[in-house]
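All remarks here apply to the structure that follows.
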Amino acid sequence: MVRTYEGKGVRSPQNTPLPGAYNQAEPYIASSDLCDAVNLALHLRRPLLVEGEPGCGKTQLAFAVAYELGYPLKTCYIRSTSRAQDFLYNYDALRRLYDLEEIRAGNPNAKAKPRRAYVHLGDLGEAIKLSEEKELPSVVLIDEIDKADIDFPNDLLLVLDKLQFKVDEVDDEEDGMRYDALKGQTREARRDNLPFFVITSNREKELPKPFLRRCIYYYIDYPNKEELKEIVARHTQTTRNRLNPIAEVAVERFVDLRQKEIHWRKKPSTSEMLDWVQALAQLPPRREEKSLNFRELKNAPLGKLPYLGTLLKTKSDFDAIVKDT
Amino acid sequence: MFDYQALLFPLFDLLRRRGLPLGSSEFLLAIQLAEQIQSKGGEQVAEDLKIICRLLWAKSREDQALYNQSFDKLVTPNLALPTREPNLLPEESWSEPEKRPTSEVAGTKRESTPSANSPAPNPKWKNADEMPFQLQPHLKPLSPDSSSTASDKPSSRYQLTPYLTEPFDKRAMTAAWRRLRKLRREGSARDLDVSATVKELGRTGILLKPIMQPRHRNQAKLLILLDQQGSMAPFTLLTDALLETIFRGGLLGHTALFYFHDAPQGLLFENPKLTLAQPIAEVLMEYAKDNSVLIISDAGAARGNYDSERVRQTQNFITLLSKYTYLYAWLNPLPPHRWEWSSAEEIAAFVPMFYPDYAGLNDAVNVLRGQPFSLGVR
C-alpha cells in the first residue's frame with residue numbers, strides 16, 4: 001500500500017499507524033505545491049530540503065508528514081558543534097575505560113562487557129536500523145542543517161546515499177555492527193521501507209553542491225490572509241467559517257502589521273501569531289480594560305495592539321511600529 | 001512516446017551551465033517521471049511536467065525563478081506543438097485520445113478540471129498503481145508563471161534582473177572559500193583523547209583521570225579590503241557575490257570587511273559610502289596579524305591607464321601589510337589581458353593577483369592558506 005501525503009492535517013484511514021508511529025495530531029495545512037513536493041520526494045525517497053523564513057512551519061512539516069503517513073518520527077536537531085556521526089551512533093569509550101578499570105581494581109574474575117554494550121545509536125542510526133531489521137520506514141527530521149559546521153552536509157552525503165553505516169569501534173569483531181537499510185537492493189525496490197528525510201534550512205549557509213543535487217527542494221512561502229485564518233481555525237479546533245470574530249480580526253491586524261515596511265529586525269511569523277491569538281483569547285487580564293471588543297481591536301493603531309510583545313521581539317521593531325502609527 | 005529527452009534537454013543544459021547542481025541522474029529521473037505522467041494522460045500533463053522538473057532541478061528560489069523563465073521559453077512552445085499538429089505523434093501512444101491535453105498549453109482556461117477543489121484525490125490516479133504518488137489537483141490554469149512558487153506577478157514593466165554568468169558561479173565560489181580553513185582544537189574539552197589517556201594509563205598503571213581535548217574548529221580569519229566607487233562600480237554584482245559567498249560560506253571564525261578607494265592608504269572605511277574611517281595601522285593590527293587578507297580591486301585596469309601614484313601607494317600599503325601577515329591575495333574583476341599596460345600589471349608584480357573565475361579563486365585561496373605563488377600576469 002502506497003501512502004501519500006495530503007496535507008490536510010488529518011490521517012486518512014488507509015494510513016494505519018505503523019509500530020512506533022508518531023501519533024500526535026498536527027493541525028498542519030500544506031499547500032498543494034508542497035504536497036506535490038513531499039509526494040515526489042517520498043516516491044523517489046530523496047531527501048526533501050525545505051527552506052523558508054523563520055516561523056513558517058518548516059519543522060512542523062516533518063511532524064505533520066510523520067503523523068499523516070503513520071510513520072515513526074526521528075529527530076536530529078543540529079547544533080553548531082554537531083557532527084554527522086553523532087546522529088548515527090556514540091561510542092562511550094570513557095565508560096568502558098572506567099568499567100575495565102573497576103574490574104581490574106575490584107574483581108579480577110568479573111567478565112568485561114562486550115564492546116557493543118557501549119554503543120548508543122543516534123536517531124539517524126535508529127532510523128536505518130529500523131528499516132533494515134524491522135522493515136519499518138520513518139520520517140527523519142534534520143533540523144536547521146545550516147547551523148552545523150560546513151562539513152556536516154558533506155559528511156551526511158554518504159549516509160543519505162547509501163543508507164548504511166558501521167560502528168568503527170566494533171568493526172573488528174566477527175559480528176561487527178553494520179547497518180544497511182538498502183540491503184543491497186535498489187532504492188526503488190526498498191522504497192516503502194526506507195527512512196524519509198526532511199531537512200530544514202534557514203539559508204544561513206550555502207549548502208554544498210553535491211548535497212543539493214540529491215535533494216528535492218521546496219521553499220515554503222509565507223501564508224496569505226485566508227490561509228492564516230485557516231491555520232488559526234485548525235489550531236483553535238474550529239472550522240474556518242465559525243472562527244471567533246476576535247481571532248478573525250486578529251489575523252487581519254497581524255497581516256497589516258507584517259505588511260508595514262519598516263526595517264524589520266525580526267518579522268513576526270505564524271508561530272508568533274498563534275501565540276498572540278491565544279493571548280488575546282485570554283483577555284481581559286488588565287484591569288483597566290473591561291473586555292476586548294473586536295471593534296476596538298480592529299481600530300486600535302498597530303502600536304497600541306494588546307500583547308504586542310508576543311509579536312515584536314526587538315526594541316527597534318517596537319519603536320518603528322509605534323512611530324509609524 | 002513523446003520524445004522528452006529532446007524536449008527537456010535544452011532546458012537542462014541551460015540550467016546546468018548556469019551552475020545549478022545537476023547530474024545526469026537528475027535528467028534521466030525527470031525523463032522517467034515525465035513518461036510516467038504522460039502514460040497516465042490526463043488534463044495537466046504540461047503543468048505536472050513543469051512542477052516535477054522544477055522540484056527535481058531547482059535548488060533555491062533564484063534557481064526557481066530562472067527555471068520558470070527558461071521553461072516558458074524553451075519547453076512550453078515545443079510542448080504546444082503536438083496539440084496543434086496531432087499528426088506528429090503516433091496515435092497509439094495516447095490511450096484515450098479525447099483526454100489529450102488540448103489547449104491548456106496555450107494558456108487558455110481549463111474549466112473542465114474535475115472537482116479540482118474537492119479534498120478527494122483526483123480520480124485519474126485511482127488505478128494508477130505504478131504511479132504511487134499523485135500531484136494535487138491544481139486550480140490555476142497554466143500561464144507563464146501560474147505555478148511558480150515565487151511570488152512574481154506577470155508585469156508589463158520591463159525589469160532588468162542582472163545575474164552572474166560564466167565563469168562566475170556563486171556555488172563554485174562557496175566551494176572555493178570552504179577550503180580556506182585552519183583547523184585548531186578550541187573550546188571546552190569534551191572529547192576523550194584516547195591515545196593520551198592510554199599513554200597516561202601505561203605510565204602510571206592506574207587510571208587517575210581521563211584526558212580530554214577540545215574539538216577541531218575552523219579558526220581561519222579573514223580581512224577583506226574592498227575597493228569602492230569609481231571604476232569599481234560596474235563590478236558590484238560580482239563583488240556582492242564574492243562577499244555573500246564568503247559570509248554565507250559560513251566557515252570562517254571571523255570575517256572583517258573594510259572599504260577603500262583606489263589604493264588603501266591612511267584610512268580604511270567601515271561603510272561602503274567611505275565613512276566611519278579607521279587608521280590603517282589599527283585595522284591591520286587588529287584584524288590582519290597572522291590572518292588572511294583579501295584585497296578586491298581593479299588596480300587601475302578598468303580605466304586601462306598607468307597611474308604611478310597609485311602604484312606607489314599600493315606598494316607602500318603592501319610593505320606595511322607584510323609586516324603583519326604574509327597571507328594576502330588580490331582579486332581583480334578584470335581578466336588578466338586587461339591588466340597589461342595598466343597599473344594593474346605593475347601591481348601584480350608584487351602582489352599575488354587573480355581573476356576570480358574558478359581557477360583564480362582556488363589559486364587565491366591557496367595563497368591565503370600559505371602556499372607559495374608566482375608573481376606577475378599569468
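Here the structure is a predicted model, which means the values were calculated and not measured. Per chain, numbering begins at 1; letters A, B, ... match sequence-line order.
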- Task: Please work out which of the three classes, parallel, tilted or perpendicular, describes the rings of B/F12 and B/F27, given edges at 30° and 60°.
- Result: tilted

Region of [X] that comes under 4.5 Å of a non-hydrogen atom in chain B:
| X | answer |
| --- | --- |
| A/L44 | side chain |
| A/L42 | neither |
| A/E188 | side chain |

Measure distances from [X] to the heavy atoms of chain A and classify the residue's part below 4.5 Å as side chain, backbone, both or neither.
| X | result |
| --- | --- |
| B/T197 | side chain |
| B/A58 | backbone |
| B/L22 | backbone |
| B/D193 | neither |

- Item | Listed partners of A/P137 passing side chain to side chain contact (heavy atoms under 4.5 Å, CB included), at least two apart | A/L18, A/R45, A/Y71

- Cation-pi geometry met for B/R61 and A/Y219 (6.0 Å, 45°): yes

- Message: Between B/Y358 (side chain only) and B/M173 (backbone N and O only), is there a donor and an acceptor less than 3.5 Å apart?
- Response: no

- Query: Is any side-chain heavy atom of A/Y89 closer than 4.5 Å to a side-chain heavy atom of A/E169?
  - Reply: yes

